[in-house]
Structure formats: structure tokens, C-alpha cells
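Reading through the C-alpha cells given below for one structure.
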There are 2 protein chains.
Amino acid sequence: PRRRPLDVDELYEGILAGNRTALARGITCVESEAPRHRVIARELLRRCLPHSGDSVRIGITGVPGAGKSQFLECIGKMLCDADKRVAILAVDPSSSVTGGSILGDKTRMENLCRDERAFIRPSPAGKTLGGVAAKTRESIILCEAAGYKVIFVETVGVGQSEVAVRSMVDFFLLLQLSGGGDELQGIKKGVIEMADAIVVNKSDGDNVQRTKVARGEYARVLHHLHPYTEGWEPQALCCSGLHGTGVWEIWEMVLKFCDKLKAENRFEDIRSKQNAKWFRSLLEQRVLEAFYSKQKESGLFLQLESDVTNGRIPVIEAVDQLLG
Amino acid sequence: PRRRPLDVDELYEGILAGNRTALARGITCVESEAPRHRVIARELLRRCLPHSGDSVRIGITGVPGAGKSQFLECIGKMLCDADKRVAILAVDPSSSVTGGSILGDKTRMENLCRDERAFIRPSPAGKTLGGVAAKTRESIILCEAAGYKVIFVETVGVGQSEVAVRSMVDFFLLLQLSGGGDELQGIKKGVIEMADAIVVNKSDGDNVQRTKVARGEYARVLHHLHPYTEGWEPQALCCSGLHGTGVWEIWEMVLKFCDKLKAENRFEDIRSKQNAKWFRSLLEQRVLEAFYSKQKESGLFLQLESDVTNGRIPVIEAVDQLLG
């Protein structure tokens, strides 16, 4: 049977009623590049915006193998069982939110997928990280309008995706492994510095002692770095995504974070700043894209860039030549 | 007597001959906003560029009170005595390179100022950090053409000045105090992560033991962070800018850094990347400046920005409205 065309009234009402199918279709519309979908998406976002915002947005990152899927499944199930509605979105195409189909592991998040109170959405396909990130931001709005109170945005250390995710969440959690005690395990430069918490996962079996040592090391490191979120001292914790040990404590930490920031009137401020920054960054991205696409046709740009890189002409002269 | 007008041939020949007065006048010209000076500056830079590059560019930062002046005077004198010609430039108006006149401390760098082999230049006056940084980059070229083989660029933790300095130097050194052992002493977020070395200064008198402990702490922290410069493990050292203890070792570390990077063919690469990045950043700065100055006249921009910040309209819609 042919799928019914998207109707903005129907989508909007379905989303507000918390209907998962309507939400999924709304997000599909937001992700689409087709002009007719863009028109619907804009109207839908405009209507949903006043119903959004009442949630905690949690970013989660960690290298492949850190156990992000298992952790998300575990904390997601706990939250659902505590009557919280949980949405899990992803920013990378390589992310485990895809349900592990890439890795052929069919059991990933299977339990959580079946739970009516959870909504899981893989990363949108997109050419640029900026585009993917913009779509994820808009999906967050729809999820919130649909009544999801806990939004996880998952990413994995690919390019600048952590920076993009950090800029759209309230709380940023880095999932680590104990490794050799003081290794970085492939996590990208600057990610530790963005974390509100580092959680050493797989604290189970023979590994408990090692994760405790790693936790101590991370606590020391965090103590020497500037907190990303003003007014919050980043924490280091252990957990087992497999057995659930320490997972509820992570949720309690997030609640404490929200309470503290709300008590100090910082929470709304964080959200406003996120919006303002997002506006500027999207705007500047578009302006520069337009500039470069014009420049690259001319040939002069590439010539000057090469001259400058090789030290043949001074930078300021090249810029003057280009901009007149 | 009236000062003779600037003549590009005379300036160029004077600079190549290593004349300090010609160099100072050349930099004044580079720093000037007057159109006739801009013309001379461009020509001068163009001619000096092929004679530049043969130096090590060292960035130095630290909070006020970390002893930057004393350290620079000490290392500068040692290098001059070892027959190296040393230039010291500054990026902030508040920097100690001004000779301490702001603080009324007339003895700052007085010895070094008198040394014919040293060239000391305060920060250019400028409205924007971008503008000041651009001028410092150009001054580096003139200093190198004048035969200065060691260029220090000093900054103090004001706004984004560390990022600007980091982007124009080969080696970046953070001067710290022992403080309470694990305090951050007001150094800005992200600065530790940019350092090729942290030097705990004032390791003299009663303070020696404390600085050694601090050095150990910093070594641990650096070990957990990603090196800024690929192929170089950041070092933590102690020194006394007052007595000179450990200062020559810092120079030896810089030499080791250069040797290692040159042996691996990374040094030229760093310089090329600096040029390419500088070109892009200056270009984008100018393009965005032009865009915003046009927008701000219209009123629509400010209205949309406020609507977006307060969550009244979706970001993407605001951007579409603005760019059509």
C-alpha cells in the first residue's frame, strides 16, 4: 500500500500526543532535503518549538568498544522503568545507535527498542557534519514536543562530531575503558576537556580494581582542567553497562547537575547560549560556503592559497588581492 | 628636526643589514593604518618574505606575576651572550614587554634593552585582537629578515590572545607558579592543552621544593593530554628567572624540539600549515565582518537573533529568513 503523504496537522497532533510513528515521520521530514519536505519541516518545527525545552539533553561519546550501546540500553531501560520517556539520537553515521547492523550485532539495544517509552533514532544521512548536526538539533525539538524528558545524543570520535554534540547538550559524558591505567585509548584531542563526567565502563569481573584505578587517574586530570560548564566540577565514576552497577548513580549525578544549575539560574542561560551560538554558526557556515563556492570557480583563490602556503607571497597581500 | 619620510628601499636595506632602527621603523609602518604606510608595508613585506623563516618562534604565556619579564630578560641575555640575536614581541597591550611602564617598574628588561643583539617591541595598538595578531605576524617576518634567529612572542591570558599566539609560533611555553600545588592560578581554559612545555618559575630560595612538586603534578597532567604538536611529548620543567637556574635547559629543550621536528620533516610542515591557516582565518574574518556590518544596519538581524536566543523561532528559519 502506498504511504500517505506527510500532512503537517496530522504530524503535529501525533507528535504532541506522543505517538512514536508520528515522531519518526516528523524526523524523516526534518532530515529530508526535498523542498516540499523542507516546507513541512519548517512549519512543524515552528509549531513544536513552544512545546520543547523541558528535558535534559545528554551527550555521550567514547571510542568504539567503550560499550556505548550497552550503557545506553542499560540506562535507557532503568529510566523507562522509572517512568521516564527516553529518546536516543545519534550524530555519526558510524554510531552504534544504528542498532549494530554495521557490526552485525543484532542484539544491540533490542530490548530498549521494544519498549514503548523509548525512542531510538539512528544518525541522519548527510553530506556534512554541519548538516547532520543541524538535523539532530531539530530532531531534539520534535522529541521534546513528543514528551521525551531525557534525550541522549550519541557520537563517536569522528572528526569534529564531539564539538557539534557538545554544543547541543546540557551534560556531556565521556565513556572510557580502564586500558593501561593512563592511556588515552584513542579518544580525540580536547574531548576530555569538554566532559562534565568521565565514566569508566566495564567495571565488572576481574576489571573492577583496574577501573577504580583509572577512575582515580581521571579524577586527578579533571581536577587540573577548567570545568567546561561553569559551576560544575566534572566527576569521574565507574559503572558496568553489563550488570548495571553504578548506572543509576550516573543518572543521579545528571539530576544533581540540573538541580544545581537551575538553582543558580544557569540552566536557561545555557539553553539561550546554545541557541545564539547555533544561529551564529549556521549563519556563518552558510555565508562562508557561499563565499568559497564563488571563489573556487575563479582559480585565483587556489593560486593565492598555494602561494601563501609555500611562503611566496605575504598573507595580507593575498587577502587584499582576493577581496580588493 | 623633522623625521624623514619612510622610504621602502632604505627600510629594506636597513632591515637586511640588521639595523635596529630600520627594523623598528619598518614595524611602525606595518602597524600603521594610514593608507600610504600600508602601501610601503606591503612592498616591504613582499621583499622581506624570501629572507624570513630561518628562526625559531617561541610563544610564551602566563598570568601576571608568573615572572614573564624576568624570565625573558634572563633567557634573552643568555642567548645574546651565546651570540644569538633575540627579538621579543608582544600581542597584548597589557603585556610586560612594554618595559613595565604600566606597572611603573623601570628595571624590567632594562639590561636586555641595552644589548645590541636584542630587539624588544611592545604590543601594537589595535582595535581587535585579530588586527593586533596580524601585525605581530608581519613583524615576525621583518625581524627574521633582520637576522633575528630567536623570536619570542609574549602574551598574557586576555581573551583569545593565547590561541592567536599559539597559531603563529613553533613552540609554546606556559610559565606557571607553584601556587598551592594543584591550583590553576587563573590560567585560562584550554591553555595547558596548547603548551609544548610548562615551566614552573621562581624555583629559588624556600620555593625550590614546592616548584618540584608542582612540576611533577604538571608532568602527570600533560601525560594525560594529547600533545599539541604531533611528535612532541610536552615537558614540565622548573626554573628561576631570578637566578637563571634551569633557564639554559629550557633553551636546550627548544633546540631538541626543533631538531626532532626537522629530522622528521615536520618543521616546514608546521610553517606551511601556519600560513595556510592564517590566510583562511584572515579571509573569513574579513568576509564575516563585511557580512555583519551590512546586517547590523538592517535591524532584521538583531530581531532574529533575539527571537532565536529566546526560543521564539527555530534557528534554521531565522537563517533562511536572513539569507533568503
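Below, each value reflects all heavy atoms present in this structure, side chains not excepted, and no hydrogens, waters or symmetry copies. Chain A is the first sequence line, chain B the second, and so forth, proteins listed ahead of strands; every chain is numbered from 1.
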Chain B contact via A/F279 - which portion, at a heavy-atom distance below 4.5 Å | both
Considering heavy atoms only, which positions within residues 307-316 of chain A lie below 4.5 Å of chain B?
-> A/V308, A/T309, A/G311, A/R312, A/I313, A/P314, A/V315, A/I316
Under 3.5 Å donor-acceptor, A/Q235 side chain and A/E233 backbone | yes
In terms of side-chain geometry, is the basic nitrogen of A/E33 or A/R38 positioned less than 4.0 Å from the acidic oxygen of its partner?
-> no
Which bit of B/E138 is near chain A, if near means a heavy-atom gap under 4.5 Å: side chain, backbone, both or neither?
-> side chain
Side-chain ion pair, B/E144 and B/R57, N-O less than 4.0 Å | yes
Highest number of heavy-atom pairs under 4.5 Å with chain A among B/S272, B/A276, B/A318 belongs to B/S272
Test item: B/E193 side-chain N/O and B/H226 main-chain N/O as donor-acceptor pair under 3.5 Å | no
So, the part of A/L283 with a heavy atom under 4.5 Å from chain B: the answer is both
How long is the span from the NZ atom in B/K135 to the OG1 atom in B/T28, to the nearest 0.5 Å?
-> 11.0 Å
Enter the distance from A/R137:CZ to A/S167:OG here, rounded to the nearest 0.5 Å.
-> 4.0 Å
When the 4.5 angstrom heavy-atom criterion is applied to A/V319 and chain B, the contacting part is both
Any Lys/Arg nitrogen of A/R271 or A/D170 sitting under 4.0 Å from an Asp/Glu carboxylate oxygen of the other?
-> yes
Can a salt bridge be assigned to the pair B/R286 and A/D320 using a cut-off of 4.0 Å between side-chain N and carboxylate O?
-> yes
Heavy-atom distances under 4.5 Å only: say whether A/R47 touches chain B with side chain, backbone, both or neither.
-> neither
Between A/L45, A/L323, A/L304, which has the largest tally of heavy atom pairs under 4.5 Å with chain B?
-> A/L323
Is the charged tip of B/R280 near the ring of A/Y292: under 6.0 Å from the six-membered ring centre and within 45° of its axis?
-> yes
Test A/D196 against A/R166 for salt bridge (charged side-chain N to carboxylate O under 4.0 Å, His left out), laying out the working first.
-> CA-CA 10 Å; A/D196 294 306; A/R166 172 73 264 195; 3.0 Å; yes
Go through A/L288, A/I141, A/L282 and name the one with the most non-hydrogen pairs under 4.5 angstrom from chain B.
-> A/L288
